Structures are given as C-alpha cells and as structure tokens.
Amino acid sequence: MTDAKRDPDLLLSRLKQEESKNKRGRLKIFFGAVAGVGKTYSMLYSARKLQEQNIDVVIGYVETHGRQETAALMDGLEILPEKLVEYKGRELKEFDIDAALKRKPAVILVDELAHTNAPDSRHIKRWQDVQELLEAGIDVLTTLNVQHVESLHDVVAQITTVSVRERVPDSLLERADEIELVDLPPEELLERLREGRVYIAEQAKAAMANFFRKGNLIALRELALRYTAERVVAAMDEYRQAHDILHPWPAVERILVCISPSPLASRLVRAGKRMAEALRAKWTVLFVQGSRESAYSKNEKVSLTQTLRLAEQLGAETLELSGNNVPEEIIKCAQQSNVSKIIIGKPARHRWAEILFGSVVDSVIRLSGPIDVYVITGDENTSLPSRVREFNTTSAYSAYLRTIVVVAVCTCVAKLMLPYFEPSNIVMAYLLGVVIVATRYGRGPSILASVLSVAAFDFFCVPPYLNFAVSDTQYIITFLVMLLVALVISTLTVTIKQQAEEARLRELRTAALYSMSRDLSSTLDMKSLLEIGLRHIGDVFDSRTALYLVGTDGALAVASQGEGKRELHDPDIGIAAWVHQNKQLAGLNTDTLPGASALYLPLQGAQKNVGVLVVKPVQEDRFMSPEQVRLLETFANQLASACERALLSEDSAQAHLQVKTEQLRSSLLSSISHDLRTPLATIAGAASSIIEGTEALNLERCKEMVKEIYHESMRLNRLVSNLLDMTKLQSGTLQVVQELHPVDEVIGAALSSMEERLTSHVVKTQVPADPPCIIGDATLLQQVLLNLIENAIKYSPMGSEIDITAEWQNGMVLVTVGDRGPGIRNEHKAKIFEKFYREDTKTASGAGLGLAICNGIIEAHGGHIWVEDRPGGGANFKFTVPASETPNTRELEDPDPLERKNEV
Amino acid sequence: MKSENEPTILVIEDEVPIRRFLKVALTDHGYAFKEAQTGQEGIAKIASDRPDLVILDLGLPDLDGLEVTRQLREWSDVPVIILSARGHEKDKVEALDAGADDYLTKPFGVHELLARVRVALRHAAKLATRQEDPEYRFGNIRVDFGTRCVFVDEKEVGLTRIEYKLLLTLIKYAGKVVTQKHLLKEIWGEEYGEESNYLRVYMAHLRRKLEQDSAHPKYFITEAGVGYRLKVE
C-alpha cells in the first residue's frame, strides 16, 4: 500500500503550502559562500531578463558597494527611492517597504536578506520585510551568504572565528521557491578582491587579512555547496512524496532539545535544527521549570523567551513544562511524543556541585532507556552572564543576617534548655530554627542555618563547652545526622513552599481567566463584552488597554479605550493594521516594532480576525516573561471568541430580521393590492357611470352612486391612516407621551370623532363614579378605541348595542369594547392581533392592520390587549393600560365653591 | 343670484382638485369664492380683496401655512381656518396658537366645512358688534352671567371658580376649537405653570357636572392632541 508509506502530516503541510503559495509571492534567493562572488550581479542580470519578458520588475534596494559592473546593470531598471533614516547623527539608507507595497510590482529586488534594519523601522530584520512582501503577493529576488543562515551560524563562527549577528531563519529558506547558488572558486574571488572589484582598495586589504583567508573561503564554499545540495535532496524527496513515488521512507525520527534559560541554549537549538534537518526529523524544544530552582532573573527570562522564539523560527515545536523533578519531566515528555533522540547541554556547574546535588544530564542519561542522549558542550569563550539577581542582592544579605540571628536565638534557647534536657532534645530546637529559615528565606540561608546550627550545637551544647573539640566520639554521629536532617528538612520545606507559591500563581491566573470568561459569557452585547474584557485584562496585567474592531467595511476602528485609569489614549492604528493583517504580535518586546510603547495582539476568533487588542503596561518590563505574554494571549483569545460569538449572534439576528421584513413586505403587498384596488374600483366605476350616464339616470340613482363613492373613499382614508400608523409603529419612531388623561375623556374623544358612523348602533358607556386617569398618550389611545369601535360597528348587526366600559383592575385601567357580532373563534383569538391577519380572508374587508396597530400601541404603553367571548353573544375586546387616581385639584381652588352674586 | 353682501372666502391651497371642490361647495352655499395658489399670493389677495374668511392649507410650496398665519395676524383679524392632514396635531396647535381660528383635517366633508365656516363668521360678527347677552343657553344648559349661576335642566349646579372660568372661556369661543395653551392663558393669565397638568382634570369635572354621560359627551368635545370645543350646533 502506498498510502501507508506516505506521511499524512507532510502531505497536509504540502497541500497547505501549495494553497498559500498560489497567493503568496515567489521567493528566489541568490545564495553564495561569501561577499563578492557575484550574487547581486546575478540577481540584476536575471532581473533584466525578466524585464525583457515585459515583467514589471522594480529594484527595491540594491547595494552596489561601489562596484561599477553592478551599477551598470541597474541602468534601465526602475529603482524605488530609498528611505533615509537618521540614526545617531548618521543618515542611513533603508529599503522602503511601504513604498514597495504601494507600488506593488510583479517582481521586486531586495538585496542582502540578512540585513538588520535601522532602529524604529517596522521590522527589526529585512527578511521580515521580505516576508511581508511575499504575503502581499509580490515576487522577491534577494541575496544571501551562507554565514547568515541561522542553523549554520555556529559552524561558520567556528571556521571564521567571526560571530555574525545578522541571521536568517532556516524556515524562510525552506519556503524559498528557488535557491540559486552563485559559485566562484576561491582563487578567482581572491583575484577579484585584489583587483578591487569587490571592495574598494583599503577595505579589500583589511578584508583579505581577516575574513577572506583562503582557508575560510574554501570552508565556506563547501558549506554553501553542501547546504544547497541538501536543499536539492529535500526538494527531490518532496517531489517523490508529491507524486506517489514508491520509496522506502525511514521511520520518522523525533528530536527533543532540552534547554535552560542560559544564553548558550540557542546553540543547543541550532544543533537540534541541524540534526533534525539531517535526519529529516521533527523536533521539539523543551524547557522544564524545576520547582527546586529559585526564581529566574529578568535576564534569564528574556534569554529564555528569545531562545524559544528562535526555536519557533527554525521550525521547532516549543514546549514549556514545570515539575518537581526536571529529568523525570524530560523523559516523560520524550516518551509521550515518541522521541528518539534527546539533545541536552553539558552542565556548567562545578564538579563538586554535581556530586552534591546530582546532575540533570546524568539523571536523563540514566532514565533515558532506549532514547539516545546527545550532550552538547557550551562554548566556554562566550561570555556567560552569571546568574546575578539584581533585585535580590540586598535582600539576600539581610536574609543571611537574619539566618544568623535565628541560629543565635536557637542557641540561647538551647543554652536555657541545657541543664534540664538531653542534648538529643536540644537538637530539636535547632531543627525548628532551620525550618523557620527554610520557610522564610529560601535555599541558601537554610543551608547556612543547617551548617551553623551544627557548629553552634557543637560549640555551646556539647562538652567541652565553648570549644569545637568533642569529648565523646558518638557526638560525631549526632552532628552528621543533625546536618543531614537539617539539609533534608530545609530542601523539602523550600520545595513545598515554592510549589505552593506556583500553585497559588497558577490558581490566580486560572481564577482570573475563569472570572473573565464567566463575565463574558453572561452577555452577548458587544459593548459590555468589550468593557468586561478590557477591565479584566487591565486589572490582571496592570495595564492600560484599548481595542480595535473590524468594521463592516473591513477597516479597523477604535471600539473601546478602556476606562478611567485604564484608558489608553494613543494606540497606533498603523501598528494595529499591521497586526491585523499579519495576525502576529507586534510592538513592545516583540520582533516587530519593538520600539512601540504598547503590545498589539491580534484577536483571532475561530473563523476570522475580530480585531486588535492593545495593551500598554504601566511598567514596561511587565511582559518580559514569556508566560505572561502567553497568558495575555490566552486572555485575548477568550475575548476574541466572545466577540466573535457576539458578532455571529448579531449577524443571525440581522438575518432573522431581514427574513421577517421580507415576509412582512410580501404580505403587505398582497394585502394592499387587494384592499386598495377594491374601493378604487368602486369609486372609478361609480364615477364613470355618472359621467357617461344617459338622461335616464335620475337624481336618486346618481346620489346613491355618489354616496358609494364617498363611503369607499372614507374606507381608503382609513386604510391609508392605518398603514401610516403601522409604519410609525414598525420604524420605532412612535413616541408615547406620558400624561394623565381621565378615562372618560379618552372614550368621549374617540366617540365624538366618529359621531356620524355611530348612528347605526346604540353606544352605551359605563365608567366608575370617580373615573381613574390613564397614564399615556391620548391621541394613540383614542386611535385604539377608534379601531375597536369601528370593528364593533363593522361586525355587529344594525341597531345592536356597543358597550364601552372602564374599570380599575390591579392598578391599571381595564377598558372593554363589547359587540354583538359573530364573536371570534378560539383558534383565532391570539392571531387576530398579528399583522395582516384576518379571521376570514374571503368576507372581511380591511388589511388586517387595525388590531395589530392596537396591539402595538397598547404594548408601547406597557399594557395588554386580548379578546374574550361576550356572554350572550359577540366579542369583548379588552385592554389594560397603566392608570392612577385623579389628582386632587382642591388645593388649587378656594375652599368654597363659586361665590354667587345673589348671595352677597 | 348673488347679493352684494354675501361673505367672501379666500382659499389658499396649492392642490387644484381641492380648490375646485371647495369652489363648488362654497359657491353652492352662497359664499363668494376667491383663490390663491401660494402663500405670498394669498397674503397679497387678503390685503387687496379683504375677504371675510380665509381657508388656508398648512402645506404650501413657498411659505409655510403657519408663517402665513403669523404674518397675517400682524395686521389683520380675518378669521382663518386651516387645512391639514391627520397626524400633524402639533402643526395644528402651533397654527391655532399663532392666531388661526379653527382647523379641518383632510379629508373632510362639506357638512363639516360649512359648520366651521359658519362658526368662524358668526364669531367674527359677534366680536365686531360686542353685544353682551345676560345669559347663554346650549342644549339643556343655561348659564346666567349676572348671577354666575349654571343650570342643567333648570336645576342649579355648583361649579368651582376655575370650572366656571373654564366654562366662560369655552362659551366665548363657542363652536370653535380652543387649544390647551389658550385656555390656560385665559384662566391663569400669561404666568400659568403647574396648572397645565390639571386642565384635563378640571375639564373632566366640568363635563361630569354638566353632561349626562361624561364618556359620551354632547357639548364638551375633546379634540385629541389639539384642544377642546364647545359644540353648540
């Protein structure tokens, strides 16, 4: 089976690469052993060829080093202006990435891939600029020397004794679509140097004495050739994989590189990369925080972050664990992920320390079983920053001093106990002291306390007193056991305390995260989500915060800037846009724009980028620790998914509304076309029959038809009014004026406005002796009554009674309009208050809007409307609205009623 | 046959069909008809033709009907009846407070129109003659101005001072709509304040004392959102 032999992971990543390659620009690297082999020349030459094929080629940045042949080749090619950056009084020429992105050519030339940009540039390194160009879909031609390849850096440094700071991650080279080796035999290169064709005369001499020694050149050339050859092999394998070529694949190896916070760790990482490359293995870089290790200094944390980031750049997986026993954690991790090889650094400790405390390396080797362990030396010449604890030095002294005081106190107690207790019991007093020191001051002081205690015990409590000499040799055993017990106790105590502390911190973080996600889950409102998220992040990280969201137009806009002391006034939209586009961290303590005062994090939801979070710590070293940044990222992810959830629910609400509106519109159209056309047809018909009527059409018939016209036009008028009312209700522009209106006045106003139409029926009203006052809008409530009474007229037989009553009910006014019509069937009772609903579409006229309007108005008043069967036949339409007692007007009047002239 | 002293009515309205219909209705009922299409033209015609009554549309193309009323009231007391669509109660109240005499809501019937016209003309005539009646009667209600007594079916009803003032004001403008602001000014003077909240309550009291069924009044009509009208015809 071919499938079994294919590595699914590789296949998947190839597919992904293929996919992104289509959009990404192509990267071609002109690769050489050293400067002067003609990389720039070759690059320009191929650029000219491209130009001849009518391809849009632009020179982004080319360094000619004063070489005339090179400069001559640039003639006729479009050159982007360089960006001039002023740095420490000097003017530096830099590649202008913004201009390049704006120009957006098909192909761009950017020389010297490994170049370090001037401070305050967008990226620290030029290769990051190139990456961005590629992301933007621009093809890039560039040049690179072998010494700048990250994984080869150590080897090159060994050969040339020159350590290069400018390095390019291997992952970029691996993603290059083409690497062209520009080769020149060392003799010829030296010849060119002598002729001054590489560097100008004086520079050339110095270069030849140092870097350009023939031995160096041969070695570097070999390295470049080998590296390119490896690439060719890799490409061939890739091809085989892609095209189902049967080939015995070796079992995939896995390499685990164990690092410490030491700056030397980067060496281990590069070694791991080379081995992984050679074995075509996957590799993981692991850091285990031992609980026994005391807290790391700021420098160590920075170094650790950098090493881990380097590993990620070189294509490794990185992992951070913490545990009690470092070697065990390493082996556990190795076994879990099927690691076949472990790379670990040679310990830098002194031999005696290793004997005393054991060595991680030894333990790992002992525990490793079938796993190979490679121990790699640290470079002695590299300056190893000693583990100075800047913050602890002063406090450390006082800790040791206090330790001495504790031991002194113990000695006093022991002295007091001496006459009454056995010496073995007095030892307990000292052990107690050791425990106290261990819990309070940590490892160093507790060891000191152990040793001091033994010495003090010997000196003061063992005869002969005030002398270190011992009369009884069995005390030697007491001392030894005491020392041992004291050391064990102190170690255990310190360990427990640290574990407790770590657990506490972890607990704190988990609690903080939990409390944020709990608060976030409580709302779907975007505004309060942002408020909650920013408040939590601001509090936990002691920072000012701001947040950009992607608007409907796809552009970023400030959505929130924190509150109160957490307010961040001046986030940089430029950085935020970059972060949003590239989905990477930027700003403070990152590789991109580290000069910025705040950290910018992309808010990545499950489906898309939601926005950008800006966090500006109150103290700038706040984010030095990698776990802090990771924690912040976790918070950002939480917030992002909450935001995405809110956006999605907004979207779905919007979609729901649209469907509703659509339904409404179609039912409106069908209803309107019928209800508008019927009266119009009647009017037009009646009018035309009068106009075209013969003499035979008598006045009586004429009047009849005109009456018909009048009624139909009134009907049209009502329909139009209802439509307008509905529109007002629908658009939410309806404003309820809250005023007190005596209920009898509201009923009366409705009745008097339709006096003419009431003649066919008997209207009876009934209100309490002291009628309550409705709280609401008289015009709107009159409209409700009008619609209800009109319905009653429409459906009740001529001459029947229409009863209108008002009464108190639970602090509201209950108004009932009763008719003697056919009543409403149960299944229709709830639905008749919906828009365009008619009980019987065939017989009833009207658009089915009247009751829907009533419902809308009553609901806007905070009341309720419904229909009941009327005892004795018909329907009782009822509604409630808020009400109050009629206000007392007595105090505005004189106590006596109107004085009368005839009584005076 | 038109007599010389038939009242002249000027209609200021931009819609041709409405002008045409008003012309038929008014001339048919013995009024002389004049028309104007715009506010400016209307004001000019009021000055030159001296009509007895003006029917004014609130929505004119050039000048707002409200503006026409305001300008007009600076130099003329001619009765003005405004025409406006339903749902524009605020505009109506503004025009009434600016000096318009009454209003009609489109669409309206001829019956309604003629009633308003009659009331407005009668009121103007009464102001001109300034004749004082000793008593006023409407329906089963009689008000004796001399003794300040009010009778329903010749049975005396006790009114408070404010209720009586309210009644007097409505009688003064009988048949015409009176806005809330207008009533407040008449009863408490220019410096009315909190009383505005109680006006509806006084009105309700008055109605309960004088009407047979306060929830189905015959005389004290509420025009929702605009004001009150004492219906006497």
Side-chain angles (χ1 to χ4, degrees), chain A residues 710 713-714 716-718 720-721 724-725 728 737 739-753 755-756 758 763-767 769-771 773 777-783 785-786 804-806 886-904, chain B residues 85-87 89-90 105-112 144-150 156-165 167 180 187-188 193-209 211-226 228-229 231:
Chain A
Y710 178 73
S713 55
M714 283 327 246
L716 263 182
N717 179 41
R718 283 198 293 277
V720 171
S721 299
L724 290 176
D725 285 341
K728 249 190 251 171
V737 185
E739 284 175 332
L740 289 184
H741 295 276
V743 69
D744 49 342
E745 181 178 293
V746 178
I747 295 172
L751 287 175
S752 40
S753 74
E755 206 64 61
E756 307 150 47
L758 288 172
V763 177
K764 281 196 174 168
T765 61
Q766 194 189 333
V767 292
D770 187 14
C773 278
D777 191 311
T779 324
L780 293 175
L781 291 172
Q782 184 190 326
Q783 186 64 38
L785 279 167
L786 220 75
I804 304 170
T805 62
T886 304
N888 192 0
T889 52
R890 291 266 172 246
E891 62 223 46
L892 292 169
E893 303 247 19
D894 295 334
D896 295 323
L898 193 69
E899 53 182 290
R900 299 191 182 115
K901 273 189 181 169
N902 56 356
E903 282 169 11
V904 177
Chain B
R86 194 182 74 93
E89 270 67 29
K90 232 182 92 195
T105 302
K106 284 184 194 170
F108 50 86
V110 177
H111 176 72
E112 240 178 318
D144 188 325
F145 299 128
T147 60
R148 305 176 91 177
C149 284
V150 182
E156 192 179 339
V157 177
L159 294 186
T160 68
R161 186 198 295 279
I162 290 172
E163 284 161 7
Y164 184 71
K165 267 192 170 178
L167 179 59
Q180 173 161 319
I187 295 165
W188 284 282
E194 228 190 315
E195 294 85 354
S196 64
N197 297 327
Y198 292 98
L199 185 64
R200 277 185 295 275
V201 180
Y202 285 119
M203 201 64 208
H205 285 163
L206 189 61
R207 206 182 272 131
R208 284 167 207 163
K209 284 178 181 172
E211 292 269 11
Q212 218 165 15
D213 181 358
S214 66
H216 195 175
K218 280 185 181 157
Y219 314 110
F220 299 91
I221 305 300
T222 307
E223 311 247 329
V226 181
Y228 296 96
R229 182 193 306 274
K231 201 173 165 192

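Each chain gets a letter, A, B and so on, in the order its sequence line appears, and its residues count up from 1. Just so we're clear, the structure is a prediction, and the values are computed from it rather than from any experiment.
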Side chain, backbone, both or neither: which part of A:Q782 has an atom under 4.5 Å from a heavy atom of chain B? side chain
Look at the side chain of B:E163 and the backbone N and O of B:T160, then say whether any donor-acceptor pair between them is shorter than 3.5 Å. yes
For A:V763, which atoms come within 4.5 Å of any heavy atom of chain B: side chain, backbone, both, or neither? both
Quick check: do A:E745 and B:Y228 have side-chain heavy atoms less than 4.5 Å from each other? yes
Only pairs of heavy atoms separated by less than 4.5 Å count here; which of B:M203, B:R208, B:H205, B:R207 has the most with chain A? B:R208
Heavy-atom pairs under 4.5 Å with chain A - which of B:G225, B:A204, B:P217 has more of them than the others? B:P217
Under a 4.5 Å heavy-atom cut-off, does chain B meet the side chain of A:E755, its backbone, both or neither? side chain
With B:E223 via side-chain hydrogen bond (donor to acceptor under 3.5 Å, both in side chains) - residues at least two apart: B:Y103, B:R229
Under the side-chain hydrogen bond (donor to acceptor under 3.5 Å, both in side chains) test, residues paired with A:T886 that sit two or more places apart: none
B:K209 side chain vs B:G158 backbone, donor-acceptor pair below 3.5 Å: yes
